[in-house]
Structure formats: structure tokens, C-alpha cells
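Here's the structure, in C-alpha cells; my notes come after.
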Protein chains: 2
Amino acid sequence: MAETRWLDEREQRAWRGLLAMHTQLTARMHRDLQADSGLSLADFDVLVQLTDQAEPSLRFGDLAEALQWEKSRLSHHLARMEKRGLVSRKPSKDDARGNIVSLTRLGRTAIEQAAPAHVEKVRHLVFDQLDENQVDTLAAITEAVLARLNAPRAASAERAGHDGTAA
Amino acid sequence: MAETRWLDEREQRAWRGLLAMHTQLTARMHRDLQADSGLSLADFDVLVQLTDQAEPSLRFGDLAEALQWEKSRLSHHLARMEKRGLVSRKPSKDDARGNIVSLTRLGRTAIEQAAPAHVEKVRHLVFDQLDENQVDTLAAITEAVLARLNAPRAASAERAGHDGTAA
DNA sequence: ATCCCATTGGTGATGTGTCAACTAATGAGC
DNA sequence: GCTCATTAGTTGACACATCACCAATGGGAT
């Protein structure tokens with residue numbers, strides 16, 4: 001096994017920066033959102049998905065898929081949101097296993113009231129600090145990394161120490 | 001109040017990409033690290049800080065500062081790590097309120113065994129996917145956003161809707 | 001119709017992170 | 001050498017995320 005290739009100076013700068021930025025950015029947005037509207041970032045994401053639909057109700061599974069959340073996570077989270085009256089769940093008629101998740105009036109009010117300030121915050125904190133080239137480069141970076149994360153055979157390629165193209 | 005400036009296409013691409021990348025990247029690295037070594041990412045960060053010091057022990061507060069963690073968080077986390085034998089805490093002689101946190105033999109072994117694979121994973125998943133310009137741009141982006149996050153008067157500037165330079 | 005098993009979603013345990021409230025030791029001012 | 005605000009660190013309550021497992025339904029193959 002070859003020696004570890006550590007990160008050089010520039011890579012460390014980018015890596016540490018990325019971690020610090022994400023931590024501080026989400027912490028800040030979470031605190032502000034919570035203070036403004038009583039919603040968490042997770043609540044916000046759920047409510048956005050329900051609002052984006054033509055119908056403000058979705059199959060549980062479709063919602064999980066749209067959010068890219070595990071079902072277990074969504075189940076726990078909806079239980080908390082339901083207790084607070086933001087969403088409601090009722091059994092589906094088509095499939096007695098299925099649940100339909102709907103936005104309540106309270107949930108709709110909450111998201112409509114919270115969204116503008118939240119978007120403005122993203123703009124102020126992030127995009128107002130970047131030029132066009134940086135925005136596009138950021139998008140390209142994320143897409144490259146996501147492509148690698150979702151690449152097939154990634155695990156064995158990592159162990160073998162070369163890229164995924166088979167011999 | 002002016003109408004909300006929503007994100008345009010390109011900004012959404014970058015923003016969603018950033019969130020998705022971070023979520024998937026940390027999930028992946030956490031799972032792999034856990035499977036390889038039984039450590040969480042948080043454990044790893046704590047152990048790295050203790051290892052990077054000349055002395056493998058630190059004042060509790062200095063450790064919290066180095067990690068940029070709240071004291072409460074660190075206290076809870078060290079309690080769990082201590083239970084697993086990765087670190088030890090003992091009262092400081094200089095200041096009877098203070099605690100000295102030390103790496104145990106088990107903790108040292110764990111980090112030394114885990115670090116190389118972890119670094120390689122960062123390299124494979126991230127830096128091998130990027131060119132030099134992208135790495136530097138990423139660093140610049142994170143620094144710009146972090147500067148804004150830590151800017152004084154940021155909160156009132158956001159409410160007022162202009163930047164922080166006073167009238 | 002029956003058997004099987006894949007799918008839908010929920011549950012409990014545990015680890016993690018934040019907030020608010022707390023205890024104990026310190027040290028400045030008198 | 002007291003008084004008392006400050007500092008160091010802990011604790012408990014709660015929200016959140018993951019894992020492993022479970023219950024019920026659905027939909028085939030026979």
C-alpha cells in the first residue's frame with residue numbers, strides 16, 4: 001500500500017473552508033429561521049415540497065423521495081410536525097399501506113410567511129458575496145463531486161486506488 | 001418592503017448542489033469512517049485536535065475553541081468518548097475549574113489507524129474531481145461567505161436591506 | 001384461493017447538537 | 001478577607017438523524 005497522499009496547502013484551505021462555511025451558514029440560517037417563524041430548516045424543506053406540488057398533498061413515499069430522506073427520518077419528522085399542526089397524515093384509499101401527507105392551513109401560512117426572508121438570507125449571505133463566475137464554478141464543483149458520489153463501483157474503486165473504469 | 005429577490009436558475013443550481021453535495025458527502029464519509037474504525041466524524045475531529053498538539057492534552061476550553069464547538073456540545077461529546085475509552089478528563093492543577101483532556105492509548109491508536117483512509121477518501125471524492133482553478137475558486141468562495149457571516153452589524157444590515165457600511 | 005415475499009410505513013434505541021439553567025472556582029474591588 | 005460578577009464546565013430537556021427491526025398490505029405464482 002502506497003503512502004497516504006495528504007492534502008496540500010491549497011486543498012486544505014478549500015476543504016476547511018467548505019466545512020466551516022457549511023457549519024456556520026446552516027447554523028445561522030437555522031437560528032434566524034427559527035426566530036422568525038418557529039420553523040426548523042427541516043420543517044422548511046418539508047413544507048416547500050408540499051407547496052411546490054400542484055396538489056398540496058403527497059404520498060408519504062413520494063415526499064421521502066423528493067426530499068431524499070430516509071422513510072424513517074420522514075416518519076419521525078412528520079410525527080413532530082403533525083403534533084404542531086403543520087401537516088396532517090391520512091391513510092390512502094388506493095393503497096391501505098400508504099399515507100397521504102397534506103399541508104394544513106397553519107402549515108401553509110407558516111411557509112408563506114417564512115419563505116421570503118429565508119430566500120433573502122441566502123442571497124445576502126451567499127450570492128451577494130459571489131460573482132457570476134464563482135456561482136457557475138460552484139455549481140460545476142458540486143456536480144462533479146455528486147457525480148463521483150453516485151458513480152457505480154465507487155467503493156471498490158476506492159479500495160483499489162484507481163478510478164472506476166474496469167480493467 | 002420590496003418584493004423578494006428569488007434565486008435565478010444558475011443560483012438555484014449552485015445552491016441546491018451545495019446542499020446536496022454536503023449532505024451526501026458527509027453521510028458517505030461518516031458511514032465509511034464508522035465502518036472502518038468505529039469513529040464518528042465528530043470523534044475524528046476531536047482526536048485530530050488532540051493529536052495535532054505537541055502535547056496530546058488540552059484544556060477543555062482550548063479544545064472547544066480549536067474545534068469551534070460550543071462548550072456544551074464538547075462536554076456531552078467527551079462524556080461519550082470517555083465512556084468508550086478514547087479520551088480521558090482530569091481536573092487541572094492550575095485552575096480547579098478547568099479540565100485537561102488527554103488522548104488515551106486507545107484514542108491514539110484509533111486516529112492513527114483511521115486517518116489515512118479518511119484523507120484518501122476526501123481526495124478521491126473531492127479533489128480528484130476538481131482542477132486547480134476550481135480548488136482555488138472554492139477556497140475563495142468559502143472565504144467570502146465566511147467573511148460575510150462573521151461581519152459585524154450583519155444582523156441589522158440584513159434587516160435594513162443594504163450592506164453593513166454605516167451611513 | 002393460498003402462499004410468499006416485496007413494499008409501505010412506523011417504532012425504539014442510540015448518538016448527536018442546541019438551548020437554558022445550573023454549580024463551583026476565580027479574581028477584581030473594596 | 002469579603003462580596004460578587006465572571007469564567008469553566010456540566011446537566012437535563014428536547015429536536016434531529018440513523019439503524020435495525022417490525023406490522024400490515026399488496027400482488028404475484030401456483
Side-chain angles (χ1 to χ4, degrees), chain A residues 19 22-35 37-47 57-84 86-101, chain B residues 19 22-35 37-46 57-84 86-102:
Chain A
L19 298 180
H22 187 269
T23 303
Q24 294 187 34
L25 192 53
T26 54
R28 170 69 170 277
M29 303 234 312
H30 190 281
R31 273 201 320 276
D32 287 355
L33 181 61
Q34 187 87 52
S37 64
L39 299 176
S40 68
L41 288 175
D43 297 334
F44 189 90
D45 288 345
V46 170
L47 295 176
S57 48
L58 265 179
R59 292 263 330 220
F60 179 94
D62 295 343
L63 182 53
E65 169 65 24
L67 288 164
Q68 292 275 289
W69 282 13
E70 287 182 20
K71 291 172 178 184
S72 164
R73 177 182 176 186
L74 183 56
S75 182
H76 283 302
H77 201 88
L78 287 182
R80 289 187 296 262
M81 291 181 75
E82 197 171 20
K83 203 177 310 179
R84 291 190 291 145
L86 295 169
V87 298
S88 66
R89 278 185 287 193
K90 41 183 188 306
S92 163
K93 281 157 197 157
D94 309 348
D95 184 341
R97 294 169 302 185
N99 266 349
I100 305 294
V101 183
Chain B
L19 298 181
H22 187 268
T23 303
Q24 293 187 36
L25 192 53
T26 54
R28 169 70 169 277
M29 302 232 312
H30 189 281
R31 272 202 318 279
D32 288 354
L33 181 61
Q34 187 87 52
S37 65
L39 298 176
S40 68
L41 288 176
D43 298 335
F44 188 90
D45 289 344
V46 169
S57 49
L58 264 180
R59 293 265 327 224
F60 179 95
D62 295 343
L63 182 53
E65 168 65 23
L67 288 164
Q68 291 276 286
W69 283 13
E70 287 182 20
K71 290 172 178 185
S72 163
R73 177 181 178 187
L74 183 57
S75 181
H76 282 302
H77 201 87
L78 288 182
R80 290 187 294 264
M81 290 181 76
E82 196 171 21
K83 202 177 311 177
R84 292 190 290 144
L86 295 169
V87 299
S88 67
R89 280 186 286 193
K90 42 182 189 303
S92 162
K93 280 159 198 154
D94 309 347
D95 183 340
R97 294 169 301 184
N99 267 350
I100 304 294
V101 184
S102 309

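FYI, side chains are in, hydrogens and waters are out, and symmetry mates aren't considered; it's all heavy atoms of this structure. A, B, ... follow the sequence lines: proteins, then strands. Residue 1 opens every chain.
Of all nucleotides in DNA chain D, those with any atom nearer than 4.0 Å to a heavy atom of chain B start and finish, going 5' to 3', at dT7(D) to dC19(D). Protein chain B contacts DNA chain C from dG15(C) to dT26(C), reading 5' to 3' and using non-hydrogen atoms of the protein with a distance under 4.0 Å.
Considering CD of Glu65(B) and NZ of Lys71(B), their distance stands at 10.0 Å, rounded to 0.5 Å. Rounded to the nearest 0.5 Å, atoms CE (Met29(A)) and CD (Gln34(A)) are 13.5 Å apart. With rounding to the nearest 0.5 Å, the separation of CD in Glu70(B) from NE2 in His76(B) is 10.0 Å. Atom CG in Leu25(B) sits 13.0 Å away from atom NE2 in His30(B) (nearest 0.5 Å). Of the inter-residue distances, the one linking Asn99(A) atom CG with Ser75(A) atom OG reads 8.5 Å to the nearest 0.5 angstrom.
Residue whose closest nucleotide on DNA chain C sits further toward the 5' end, between Arg31(A) and Arg97(A): Arg97(A). Both Arg89(B) and Lys93(A) sit near DNA chain D, but only Arg89(B) has its closest nucleotide nearer the 5' end. Between Asp95(A) and Arg80(A), the residue anchored nearer the 5' end of DNA chain D, judged by the nucleotide with its closest heavy atom, is Arg80(A).
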When the side chains of residues 39-47 of chain A are checked against the rest of the protein, which donor-acceptor pairs come out under 3.5 Å, sequence neighbours left out?
unit_1	atom_1	unit_2	atom_2	d
Ser40(A)	OG	Ala42(A)	N	3.4
Ser40(A)	OG	Asp43(A)	N	3.0
Ser40(A)	OG	Asp43(A)	OD1	3.3
Ser40(A)	OG	Asp43(A)	OD2	3.0
Asp43(A)	OD1	His77(A)	NE2	2.7
Asp43(A)	OD1	Arg84(A)	NH2	3.0
Asp43(A)	OD2	Ser40(A)	N	2.9
Asp43(A)	OD2	Arg84(A)	NH2	2.6

Side-chain donor-acceptor pairs under 3.5 Å in residues 86-97 of chain A, sequence neighbours left out?
unit_1	atom_1	unit_2	atom_2	d
Arg89(A)	NE	Glu82(A)	OE1	3.2
Arg89(A)	NH2	Glu82(A)	OE1	3.2
Lys90(A)	NZ	Ser102(A)	OG	3.2
Ser92(A)	OG	Asp94(A)	N	3.2
Ser92(A)	OG	Asp95(A)	N	3.4
Asp95(A)	OD1	Arg97(A)	N	2.9
Asp95(A)	OD1	Arg97(A)	NE	3.1
Asp95(A)	OD2	Arg97(A)	NE	3.4
Asp95(A)	OD2	Arg97(A)	NH2	2.9

*Would you sort out whether Arg28(A) and Gln24(A) count as a side-chain contact (heavy atoms from CB on, under 4.5 Å), showing the intermediate values?*
CA-CA 6 Å; Arg28(A) 170 69 170 277; Gln24(A) 294 187 34; over 6 Å; no

_Using side-chain contact (heavy atoms from CB on, under 4.5 Å), reason through Phe60(A) and Ile100(A) one step at a time and then give a plain yes or no._
CA-CA 6 Å; Phe60(A) 179 94; Ile100(A) 305 294; over 6 Å; no

*Using the side-chain contact (heavy atoms from CB on, under 4.5 Å) rule, take Leu63(A) and Leu74(A) through it: C-alpha gap first, then chi angles, then the decisive distance, then the call.*
CA-CA 8 Å; Leu63(A) 182 53; Leu74(A) 183 56; 3.9 Å; yes

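Residues of residues 68-78 of chain B that place a heavy atom closer than 4.0 Å to DNA chain C, in numerical order, are Glu70(B), Ser72(B), Arg73(B), His76(B), His77(B).
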